[in-house]
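Scroll down for the structure; my scribbles are underneath it.
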Amino acid sequence: MRITLIGGTGDIGEGLALRLGRETDHELVIGSRDPEKARRHAEDYRERIDKRGGKAAVEGAANPAAAEGADLVVLSVPPEFLVDTIGTVTEALSEETIVVTPAVQMRRDEDGFHYEKPDASDSVTAVAAEAVPDDVPVVGAFHNLPAKRLASLDAELGIDTAIVADDETAGETVAAVAEELEGVRAVRAGGLSNAAEIESITPLLINLATNNSGLHNLGVRFS
Ligand SMILES: NC(=O)c1ccc[n+]([C@@H]2O[C@H](COP(=O)([O-])OP(=O)(O)OC[C@H]3O[C@@H](n4cnc5c(N)ncnc54)[C@H](OP(=O)(O)O)[C@@H]3O)[C@@H](O)[C@H]2O)c1
């Protein structure tokens, strides 16, 4: 499978690229607004995976080129740039492409982080679904994965990622990819209208890490 990480130069992109690169045979493409930056990051990820005995296929390209021919396009950009970023890759999307969004909108005040519902919809995942062409399936996933723990390749995970999708086949495909990551279990949380419940867990994880010594880069395991 060809998996493109749009904004794959950032934190969650790095974590997913390193884990996918080390633990799966998928072809990875790192997208950026700046193709040189994308190539630099792809090379860095390849070297870090190689050092641990992996052999990953990781390329870098400008976001629109990176999305061409992808089976999975992960939108790893901050929520405020999501819709504009989708606009830059729309021509590369078709009913054969699954778009994955991990994006969460939060605000911060003196007490910590708070979930923030987007103005336009119930969740950022729903915003993404509205922004892509009608025939392109959208899956919400990876919202609660801690980027820094993923990027630390020696760290054990033992965490879940909750998946929401209206298209059952697309949801199963993304769940299968997530479960290829060692220590990650994919759990199904229903349709896209349930995305806000998953997104709202992320600020809780950050607040728990902030207020409890020894708890860093938290994920969640449902049991
Ligand atoms: N960090 C986490 O632990 C984590 C975990 C789960 C989910 N998430 C979600 O994943 C998404 C990305 O998070 P992140 O922490 O990886 O973000 P980030 O590191 O701040 O940014 C990711 C990438 O977004 C691109 N970007 C920045 N400004 C942009 C703009 N104006 N237009 C288009 N692209 C822009 C940049 O790529 P280029 O400059 O190369 O284009 C950047 O490397 C967020 O929605 C977040 O809620 C994050």
Side-chain angles (χ1 to χ4, degrees), residues 4-20 28-45 58-67 72-90 99-108 113-118 121 123-129 131 138-152 155 157 159-164 174 178 181 184 186 189 195-210 215-220:
T4 289
L5 300 164
I6 297 293
T9 55
D11 289 342
I12 192 68
E14 175 187 22
L16 288 172
L18 290 172
R19 293 279 170 167
L20 286 166
L28 302 180
V29 189
I30 305 306
S32 168
R33 289 166 296 170
D34 171 355
E36 263 318 303
K37 181 179 175 187
R39 283 190 271 276
R40 276 200 313 277
H41 280 258
E43 189 181 348
D44 170 57
Y45 300 161
V58 192
E59 302 163 32
N63 285 331
L72 235 64
V73 171
V74 183
L75 300 167
S76 0
V77 297
E80 60 271 34
F81 309 127
L82 191 74
V83 171
D84 285 350
T85 302
I86 289 171
T88 68
V89 301
T90 298
V99 167
V100 181
T101 168
V104 173
Q105 188 161 310
M106 295 180 276
R107 69 183 164 80
R108 187 181 192 174
F113 285 84
H114 306 276
Y115 177 67
E116 192 166 72
K117 193 174 94 54
S121 205
S123 67
V124 182
T125 306
V127 169
V138 169
V139 175
F142 311 141
H143 301 94
N144 312 135
L145 296 183
K148 290 206 180 337
R149 201 154 130 209
L150 294 183
S152 168
L157 297 180
I159 50 181
D160 290 340
T161 185
I163 309 257
V164 282
V174 175
L181 304 182
V184 174
E197 285 70 25
I198 299 173
E199 293 177 16
S200 65
I201 293 172
T202 300
L204 169 65
L205 294 174
I206 299 171
N207 292 336
L208 290 170
T210 307
L215 294 184
H216 303 296
N217 301 318
L218 292 176
V220 63

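All heavy atoms count here, side chains included; hydrogens, waters and symmetry mates do not. Just follow the structure's listing: the first ligand is 1, and inside any ligand the first atom is 1.
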> Taking side chain as C-beta onward, heavy atoms only, is Leu218 less than 4.5 Å from Leu204?
Replying inline: no
> Side chains of Val104 and Val124: does their closest heavy-atom pair fall under 4.5 Å?
Replying inline: no
Residues 139-146 side chain polar contacts: donor-acceptor under 3.5 Å, at least two apart:
residue, atom, partner, partner atom, Å
His143, NE2, Thr101, O, 3.2
His143, NE2, Thr125, OG1, 3.2
Asn144, ND2, Ile198, O, 3.1
Asn144, ND2, Thr202, OG1, 2.9

> Can you name the residues that come within less than 4.0 Å of ligand 1, going by heavy atoms only?
Replying inline: Gly7, Thr9, Gly10, Asp11, Ile12, Ser32, Arg33, Lys37, Ser76, Val77, Pro78, Pro79, Phe81, Thr85, Pro102, Ala103, Val104, Phe142, His143, Leu145, Ala147
> How close do Pro118 and Gln105 get, heavy atom to heavy atom, and via which atoms?
Replying inline: CA-NE2, 3.8 Å
>> Quick check on side chain to side chain contact (heavy atoms under 4.5 Å, CB included): which of Leu75, Ile6, Val29, Val73 does Asn63 satisfy it with?
In response: Ile6
>> Applying salt bridge (charged side-chain N to carboxylate O under 4.0 Å, His left out) to Glu43 and Arg40, what does each step give before you reach the verdict?
In response: CA-CA 5 Å; Glu43 189 181 348; Arg40 276 200 313 277; over 6 Å; no
